[in-house]
Amino acid sequence: TRSTRPQRLLAAVQKNATRGDPRSVVKAIDEFCRYTEWAMNVGDEKGCILDSVVSEVNPATVLELGTYCGYSTVRIATLLPPDAKLITLEFNPDFAVIARQVIAWAGQEEKVHLVEGSSGDLIPKMKEQFGVKSFDLVFLDHWKDRYLPDAKLMEAGSVLLADNVICPGSPDYLDYVRNSPKYRSQYFKSHLEYTKVEDGLEKSVFLG
Ligand SMILES: O=c1[nH]cnc2c(O)cc(-c3ccc(F)cc3)cc12
Ligand SMILES: [Mg+2]
């Protein structure tokens, strides 16, 4: 039977990227998605904004909601010091299988802990399971309808960075973080990955 898009993306990584070289993995995925088959990675343009926010926050602990094929997981992990921890949650087991292999090809397994399940179930368990009271940075890139409820589960001192706040869009989340006295929010205008359609990232600093 026909392969899946994540399987084809992984094959492109294994064919075109150098094992243990995370930048070549990022480049191989971006080229595959731009020239062969679109996929919903944060992409190169928004990826540079993600990189700058990660570097600025310099987090010891990161939570990523929505792993997909591990593209942003690799981008973030590459910027973290060796003792930092990145926990990434993925609901779809077929995506998780691929992401683990992409992360391994990039040589980033040490810093990454991929957990399968729903963010709504797993976030409340984070504290006891991983002994992490709060995360220095949370990257929201899973499902637009979960952004707001999950943000409310995590109001304990993080910087939130949300993908796709315009396309597909998360209006209730945007309204909340932009109008709540608990956050200072900033919009980074960009484009939907590999397209000319407007999209952007919203960075929201929890004020405590
Ligand atoms: O569902 C998504 N989760 C996380 N990121 C996404 C992302 O960056 C883009 C899209 C997306 C955008 C336009 C379209 F026509 C089809 C899918 C979905 C997700
Ligand atoms: Mg996205």
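Counting starts at 1 for both ligands and their atoms, following the listed order. We count residues from 1, following the sequence as given. All values below come from the heavy atoms of this structure, side chains included, with hydrogens, waters and symmetry mates left out.
Within the 4.5 Å cutoff, no side-chain heavy atoms of Leu160 are placed close to those of Tyr147. Counting heavy atoms from C-beta on, the side chains of Phe139 and Ser72 come closer than 4.5 Å.
Asp30 and Tyr194 share a side-chain donor-acceptor pair at under 3.5 Å.
Note that Arg178 lies in the cation-pi zone of Tyr187, set by a 6.0 Å cut-off to the ring centre and a 45° limit from the axis.
When distances from atom 15 (F) of ligand 1 to the protein are checked, no heavy atom turns up under 4.0 Å.
Under a cut-off of 6.0 angstrom, the local environment of CZ in Phe91 is sparse, with at most 12 non-hydrogen atoms contributed by other residues, nucleotides or ligands.
Looking at Arg34 and Asp44, a side-chain N of the basic residue comes within less than 4.0 Å of a carboxylate O on the acidic one, giving a salt bridge. Contact check on Glu45 versus Lys196 returns no salt bridge, with no Lys/Arg side-chain nitrogen under 4.0 Å from an Asp/Glu carboxylate oxygen.
For Asp141 atom OD1 and Asp163 atom OD2, the angle they make at the Mg ion (ligand 2) is roughly 90°, to 10 degrees.
Contacts between Asn164 and ligand 1 below 4.0 angstrom, taking non-hydrogen atoms only, involve the side chain exclusively. Neither the backbone nor the side chain of Asp199 has a heavy atom within less than 4.0 Å of ligand 1. Contacts between Asp163 and ligand 1 below 4.0 angstrom, taking non-hydrogen atoms only, involve the side chain exclusively.
If you check which protein heavy atom lies closest to atom 12 (C) of ligand 1, you get Leu192 CD1, 3.6 Å. Looking only at protein heavy atoms, the nearest one to atom 4 (C) of ligand 1 is Asp141 O, 3.0 Å.
The shortest N or O to N or O distance between Trp38 and ligand 1 is not under 3.5 Å. The shortest N or O to N or O distance between Trp143 and ligand 1 is not below 3.5 Å.
Per-residue contacts place His142 under 4.0 angstrom from the following atoms of ligand 1 (heavy atoms of the residue considered): 1 (O), 2 (C), 3 (N), 4 (C).
Ligand 1 is approached by Pro168 to a heavy-atom distance shorter than 4.0 Å.
Look at Ser72 and the Mg ion (ligand 2): no N/O/S atom of the residue is under 2.8 Å from the metal.
Considering each of Arg146, Glu193, Met40, the one bringing a non-hydrogen atom nearest atom 2 (C) of ligand 1 is Met40.
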Note to self: Using side-chain hydrogen bond (donor to acceptor under 3.5 Å, both in side chains), reason through Asp150 and Ser119 one step at a time and then give a plain yes or no.
What the structure shows: CA-CA 7 Å; Asp150 287 349; Ser119 52; 2.5 Å; yes
